[in-house]
**Student:** 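Once you've had a glance at the structure underneath, I'll fire off some questions.
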Amino acid sequence: MKKAVSIFILDVSDSSKFENGRELSTYLYDCQNMLESLNNVIKIKSKYRMGDEIICLVEGYSSAIMIANYLIYNWYYEENMPYFGLSCGLIDEDINDIDIETWNHLLVKKARIANDLIKEEKNRKGLIEFNPLNKFNDNEIELINTLLDLQSAIIVDQTNKQREILGLYSLIRSQKEIANKINKSTSTVSGHYTGGKSDLILEAAKSVCSFLTIKEIQSGRSTEGEDEYLDIVHVVQKKHEELEKEIRKQILNYRFS
């Protein structure tokens with residue numbers, strides 16, 4: 001049976017201008033370790049490659065974009081933001097059997113093309129480019145990339161404080177708790193959250209993930225009956241919820257360890 005997966009290739013903006021390359025490499029290794037820690041809730045393979053690149057293959061159509069969003073929201077180096085070429089589709093292999101370092105699949109090529117599109121932008125504003133393998137029409141791809149561009153444009157224009165609150169809110173979901181953690185007033189946190197349009201960013205991300213989840217469910221629908229289809233819906237939604245919960249847990253631990 002074919003399996004629904006998604007993949008991203010992460011690169012770092014202006015990494016050649018980074019004053020301490022070893023510091024960035026350590027951070028990217030930490031990101032890879034965080035990604036691998038997600039394998040207790042979902043099948044995932046990731047690899048940090050020299051040249052400031054991480055490749056990540058994960059179960060589920062919406063999983064890679066969900067992970068990419070959380071990495072963007074909580075990225076430590078504001079002046080060297082990550083950008084992601086992303087794809088999804090159906091494969092025959094089991095993720096556990098794949099050597100992600102040498103895997104030569106069209107999904108990898110699709111993600112690489114998407115990554116290169118961002119890299120070639122003169123005034124790089126995009127942070128994620130979506131280039132799926134199958135099951136999507138041109139209008140759907142355009143709609144998803146429009147939402148991703150909207151989200152990226154807002155994030156890039158945020159101040160450092162606004163982005164800090166976006167990241168913390170994505171993990172904690174409580175302005176009061178954030179205020180306690182960073183020793184600021186709730187009104188200050190609220191001001192940065194509102195001023196940075198964090199609600200629009202998170203709503204756009206939620207819409208994209210929901211759409212990809214629906215597409216994954218549709219790709220798994222068979223002709224054997226409604227009960228089997230409902231089982232697929234339950235499994236996909238449960239994995240989606242478990243993955244998001246684990247991402248938030250792992251990043252929160254990293255930020256406050």
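What you are looking at is a predicted structure, and each value in this text was computed from that prediction instead of being measured.
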**Student:** Apply side chain to side chain donor-acceptor pair (under 3.5 Å) to residues Y48 and S25 and explain how you reach the verdict.
**Tutor:** CA-CA 9 Å; Y48 165 49; S25 294; 3.1 Å; yes

**Student:** According to the interplanar angle, ranging from 0 to 90°, do the rings of Y27 and Y76 count as parallel (below 30°), tilted (30 to 60°) or perpendicular (above 60°)?
**Tutor:**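 Plane angle between 30° and 60°, so tilted.
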
**Student:** Name all residues meeting the salt bridge (Lys or Arg N to Asp or Glu O under 4.0 Å) criterion together with E129; count only those two or more places apart in sequence or in a different chain, and write none if there are none.
**Tutor:**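 By the salt bridge (Lys or Arg N to Asp or Glu O under 4.0 Å) rule, E129 matches no residue at all.
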
**Student:** Of the non-hydrogen atoms in G195 and Q162, which two are nearest, and what is the gap between them?
**Tutor:**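 That closest heavy-atom pairing would be C-NE2, 3.4 Å.
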
**Student:** Is the closest side-chain heavy-atom distance between I113 and D116 below 4.5 Å?
**Tutor:**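 No, too far: nothing below the 4.5 Å cut-off.
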
**Student:** Yes or no on side chain to side chain contact (heavy atoms under 4.5 Å, CB included) for V108 and N104, after CA distance, side-chain angles and deciding distance?
**Tutor:** CA-CA 7 Å; V108 179; N104 185 20; over 6 Å; no

**Student:** Would you give the length of the straight line joining atom CD of E216 to atom OG of S62, rounded to the nearest 0.5 angstrom?
**Tutor:**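 Answer for the CD-OG pair, E216 versus S62, is 6.5 Å.
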
**Student:** K176: which residues meet the salt bridge (Lys or Arg N to Asp or Glu O under 4.0 Å) condition with it, sequence neighbours left out?
**Tutor:**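 Expected list: none.
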
**Student:** Does S190 reach the main-chain N or O of T186 with its side chain, forming a donor-acceptor pair under 3.5 Å?
**Tutor:**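 Not confirmed, S190 side chain does not pair with T186 backbone.
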
**Student:** Distance from S13 atom OG to N80 atom CG, nearest 0.5 Å?
**Tutor:**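 Rounded to the nearest 0.5 Å, the OG-CG separation comes to 7.5 Å.
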
**Student:** To the nearest 0.5 Å, how far apart are CD1 in I251 and OG in S170?
**Tutor:**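 Nearest 0.5 Å value for the CD1-OG distance: 7.0 Å.
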
**Student:** Using a 4.5 Å cut-off on heavy atoms from C-beta on, say whether the side chain of V58 contacts that of V5.
**Tutor:**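 V5 does not reach V58 side chain to side chain.
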
**Student:** Hey, are the side chains of I44 and I67 touching, using non-hydrogen atoms and a 4.5 Å cut-off?
**Tutor:**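 Yes. Closest side-chain heavy atoms under 4.5 Å.
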
**Student:** For K239, I'd like to know if atom NZ has over 12 heavy atoms of other residues, nucleotides or ligands within 6.0 Å.
**Tutor:**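 No, NZ of K239 has 12 or fewer neighbouring heavy atoms, counting only those of other groups under 6.0 Å.
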
**Student:** Give me the atom names and distance for the closest heavy-atom approach of C31 to I54.
**Tutor:**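 Nearest pair, atom of C31 first, then I54: CB-CD1, 3.8 Å.
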
**Student:** Without swapping roles, check the side chain of R163 against the backbone of I155 for a donor-acceptor pair under 3.5 Å.
**Tutor:**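 Side chain of R163 to backbone of I155: a pair is present.
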
**Student:** Could you go through E246 and E242, starting from their C-alpha distance and side-chain angles, then the distance that decides it, and tell me whether this counts as side chain to side chain contact (heavy atoms under 4.5 Å, CB included)?
**Tutor:** CA-CA 6 Å; E246 189 66 19; E242 289 177 348; over 6 Å; no

**Student:** Give the C-alpha distance, both sets of side-chain angles, the deciding distance and a yes or no for salt bridge (Lys or Arg N to Asp or Glu O under 4.0 Å) between R173 and E244.
**Tutor:** CA-CA 13 Å; R173 307 294 172 91; E244 185 164 23; 3.3 Å; yes

**Student:** Applying side-chain hydrogen bond (donor to acceptor under 3.5 Å, both in side chains) as the test, list every pair that has at least one member in residues 191-210; sequence neighbours left out.
**Tutor:**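 Listed once each, the pairs would be none.
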
**Student:** Would a 4.5 Å heavy-atom cut-off, applied to side chains only, mark I65 and F84 as touching?
**Tutor:**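 No, their side chains stay 4.5 Å or more apart.
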
**Student:** For A64 and F8, work out which heavy atoms get closest and say how close.
**Tutor:**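 Closest heavy-atom pair between A64 and F8: O-CD2, 3.6 Å.
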
**Student:** Would you indicate whether the side-chain heavy atoms of L171 and I178 approach each other to under 4.5 Å?
**Tutor:**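 Not touching, per the 4.5 Å side-chain cut-off.
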
**Student:** Give the cluster check for I72 versus I7: same hydrophobic cluster or not, with ILVMFWY residues linked at side-chain heavy-atom distances below 4.5 Å.
**Tutor:**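 Different clusters.
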
**Student:** Should I9 and I118 be regarded as members of a common hydrophobic cluster, given that ILVMFWY residues are connected when their side-chain heavy atoms come within less than 4.5 Å of each other, either directly or indirectly?
**Tutor:**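 No, it is not one cluster - the side chains of I9 and I118 are not joined through contacts under 4.5 Å.
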
**Student:** Can you give me the closest heavy-atom contact between L90 and L133, atom names plus distance?
**Tutor:**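 Closest pair (atom of L90, atom of L133, distance): O-CD2, 4.3 Å.
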
**Student:** Closest heavy-atom contact between I182 and I165?
**Tutor:**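 Residues I182 and I165, closest heavy atoms: CD1-CD1, 3.8 Å.
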
**Student:** Can you list everything that forms a salt bridge (Lys or Arg N to Asp or Glu O under 4.0 Å) with D97? Sequence neighbours excluded, please.
**Tutor:**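 Residues passing salt bridge (Lys or Arg N to Asp or Glu O under 4.0 Å) with D97: none at all.
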
**Student:** Apply the test ring-ring contact (aromatic ring centres under 6.0 Å, His included) to residues Y70 and W75: give CA-CA distance (whole Å), side-chain angles for both, the deciding distance (0.1 Å), then the verdict.
**Tutor:** CA-CA 8 Å; Y70 274 98; W75 194 256; over 10 Å; no

**Student:** Should the heavy atoms of other residues, nucleotides or ligands under 6.0 Å from NZ of K43 be counted, would the total exceed 12?
**Tutor:**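 Yes - once you tally the heavy atoms of other residues, nucleotides and ligands closer than 6.0 Å, there are more than 12.
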
**Student:** Counting neighbours of CD on E79 that are heavy atoms of other residues, nucleotides or ligands and sit closer than 6.0 Å, is the number greater than 12?
**Tutor:**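 Not more than 12 within 6.0 Å, no.
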
**Student:** Output the distance between atom CG (L57) and atom SG (C88), rounded to the nearest 0.5 Å.
**Tutor:**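 These two atoms lie 11.5 Å from each other.
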
**Student:** L28, I100: one ILVMFWY side-chain cluster at the under-4.5 Å cut-off?
**Tutor:**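 No; tracing contacts between hydrophobic side chains, which count when under 4.5 Å, never links both residues.
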
**Student:** Measure the CG-CG distance between L147 and L200 for me, rounded to the nearest 0.5 Å.
**Tutor:**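 These two atoms lie 11.0 Å from each other.
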
**Student:** Under the salt bridge (Lys or Arg N to Asp or Glu O under 4.0 Å) rule, what do K3 and D94 come out as? Steps first, then yes or no, please.
**Tutor:** CA-CA 8 Å; K3 297 137 183 106; D94 188 292; 5.4 Å; no

**Student:** Are L127 and L117 connected in the hydrophobic side-chain network, where two residues link if heavy atoms are under 4.5 Å apart?
**Tutor:**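 No, L127 does not connect to L117 through the hydrophobic network.
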
**Student:** Would you tell me whether S46 and E36 have side-chain atoms, one donor and one acceptor, within less than 3.5 Å of each other?
**Tutor:**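 The answer is yes; a qualifying pair exists.
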
**Student:** For a side chain to side chain contact (heavy atoms under 4.5 Å, CB included) check, start with the C-alpha distance between N160 and E164, then their side-chain angles and the critical distance, and finish with the verdict.
**Tutor:** CA-CA 6 Å; N160 290 347; E164 178 188 15; over 6 Å; no

**Student:** Please check this pair: side chain of N131 against backbone of S87, looking for a donor-acceptor N/O pair closer than 3.5 Å.
**Tutor:**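 It does not hold such a pair.
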
**Student:** Do K245 and E241 come close enough that some side-chain heavy atom pair is under 4.5 Å?
**Tutor:**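 No - every pair of side-chain heavy atoms lies 4.5 Å or more apart.
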
**Student:** Measure the spacing between CG of L150 and CD1 of I154 and express it to the nearest 0.5 Å.
**Tutor:**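 Here the interatomic distance stands at 4.5 Å.
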
**Student:** Kindly state each residue pair satisfying ring pair (Phe, Tyr, Trp, His ring centres under 6.0 Å) with at least one member in residues 91-118, sequence neighbours excluded.
**Tutor:**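 For residues 91-118: W103-H105.
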
**Student:** When you compare the side chain of L71 with that of M34, does any pair of heavy atoms fall below 4.5 Å?
**Tutor:**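 Contact flag for M34/L71 side chains = yes.
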
**Student:** Begin with the C-alpha distance, continue with both residues' side-chain angles, and end with the deciding distance and a verdict on side chain to side chain contact (heavy atoms under 4.5 Å, CB included) for R49 and I55.
**Tutor:** CA-CA 8 Å; R49 296 168 165 176; I55 184 170; 3.9 Å; yes

**Student:** Anything under 3.5 Å between a donor and an acceptor, one on a side chain of residues 135-146, the other on a protein residue two or more places apart or in another chain? List them.
**Tutor:**
from : atom 1 : to   : atom 2 : distance (Å)
N137 : OD1    : N139 : N      : 3.0
N137 : OD1    : E140 : N      : 2.8
E140 : OE1    : N137 : N      : 3.0
E140 : OE1    : K215 : NZ     : 3.3
E140 : OE2    : K215 : NZ     : 3.4
N145 : OD1    : F130 : N      : 2.8
N145 : ND2    : F130 : O      : 3.0
N145 : ND2    : I141 : O      : 3.4
T146 : OG1    : E142 : O      : 2.8

**Student:** Using side-chain heavy atoms (C-beta onward) and a distance below 4.5 Å, is I98 in contact with I91?
**Tutor:**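 Yes, close enough: below the 4.5 Å cut-off.
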
**Student:** Can you hop from V41 to L212 via hydrophobic side chains spaced under 4.5 Å?
**Tutor:**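 V41 and L212: one cluster.
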
**Student:** So, for Q158 and L166, which heavy atoms are closest and what is the spacing to 0.1 Å?
**Tutor:**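 Minimum heavy-atom contact is OE1-CD2, 3.5 Å.
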
**Student:** Just by distance, no angles: are the side chains of N115 and Y83 close enough, under 3.5 Å, to form a donor-acceptor pair?
**Tutor:**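 The criterion, which ignores hydrogens and geometry beyond distance, is not satisfied for Y83 and N115.
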
**Student:** Do any N or O atoms from the side chain of T188 and from the backbone of K184 form a donor-acceptor pair under 3.5 angstrom?
**Tutor:**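 The answer is no, because no donor-acceptor pair under 3.5 Å joins these two groups.
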
